[in-house]
Amino acid sequence: MPVSKKIVLRFPKRLVERPIIYRLVKDYELEFNILKASITPEQEGLLVLELKGNQKEYDKGIEFLMKAGVKIQSLSQDVTRNEERCTHCGACVTVCPTGAFRVDPKTMMIIFEDEKCIGCGLCITACPPRAMEVHF
Ligand code: SF4
Ligand code: SF4
């Protein structure tokens with residue numbers, strides 16, 4: 001059965017240079033589409049991928065990633081902003097891998113476009129007043 005999922009992968013520093021994604025293609029015949037790639041301030045690699053393939057091979061590929069030490073984020077969580085708490089400090093803008101936050105050039109307020117959010121949770125810890133909330 002074919003599957004297609006959007007996932008967030010976090011690579012510890014020691015894995016950043018290794019061809020992990022290449023192995024997914026070669027060994028598990030998975031197709032991928034990189035939606036976003038970045039290196040966090042902690043030198044951790046962060047990759048947002050759309051991964052497609054046969055369900056069995058997909059599961060094996062995910063197992064391979066986890067064994068290699070890659071952290072895989074669950075995308076089943078719903079992230080919202082508590083408007084009363086947000087101070088529009090902008091700390092979330094650079095951490096979001098999908099660009100769900102942007103600065104309104106007129107008001108300098110931070111706009112949250114929740115349709116771009118993939119639920120990775122990075123903004124939850126980055127937000128000083130804890131305005132970003134996760135609902136499972
Ligand atoms: S980090 Fe938190 S308080 Fe600052 S702009 Fe983003 S959501 Fe608002
Ligand atoms: S959880 Fe936060 S950082 Fe992650 S995609 Fe959604 S808005 Fe961006």
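Since the model is a prediction, treat every value here as computed from it, not as a measurement. Every number for a ligand or one of its atoms is a count from 1 in the order of the listing. Numbering starts at 1 and runs along the sequence shown.
Using a 4.0 Å heavy-atom criterion, the residues that approach ligand 1 are R81, C86, T87, H88, C89, G90, A91, C92, I110, C127, P128, P129, M132.
Ion pairing between a basic and an acidic side chain is recognised when a charged N comes within 4.0 Å of a carboxylate O; R81 and E83 show such pairing.
For N54, the side chain to side chain donor-acceptor pair (under 3.5 Å) criterion is met by no residue, not counting sequence neighbours.
Across every non-hydrogen atom of V79 and C123, the tightest pair is CG1-SG, 4.2 Å. A68 approaches L15 most closely through the heavy-atom pair O-CD1, 3.0 Å. Taking all atoms of both residues into account, the shortest heavy-atom contact from P128 to C89 is CD-SG, 3.9 Å.
A parallel orientation is assigned to the rings of F112 and F101, their planes being inclined by less than 30° (bins at 30° and 60°).
With ligand atoms numbered from 1 in the order given, ligand 2 contributes 1 (S), 4 (Fe) to contacts under 4.0 Å with heavy atoms of G121. For ligand 2 and T98, the ligand atoms under 4.0 Å from any heavy atom of the residue are 5 (S). Under a 4.0 Å criterion applied to the non-hydrogen atoms of I118, ligand 2 contributes the atoms 5 (S), 6 (Fe). When each atom of ligand 2 is checked for a heavy atom of V79 under 4.0 Å away, the hits are 1 (S).
If you take CG on L65 and CD1 on I7, they are separated by 6.5 Å, rounding to the nearest 0.5 Å.
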Problem set entry | Full working for side-chain contact (heavy atoms from CB on, under 4.5 Å) between L46 and L9 | CA-CA 6 Å; L46 195 134; L9 306 179; over 6 Å; no
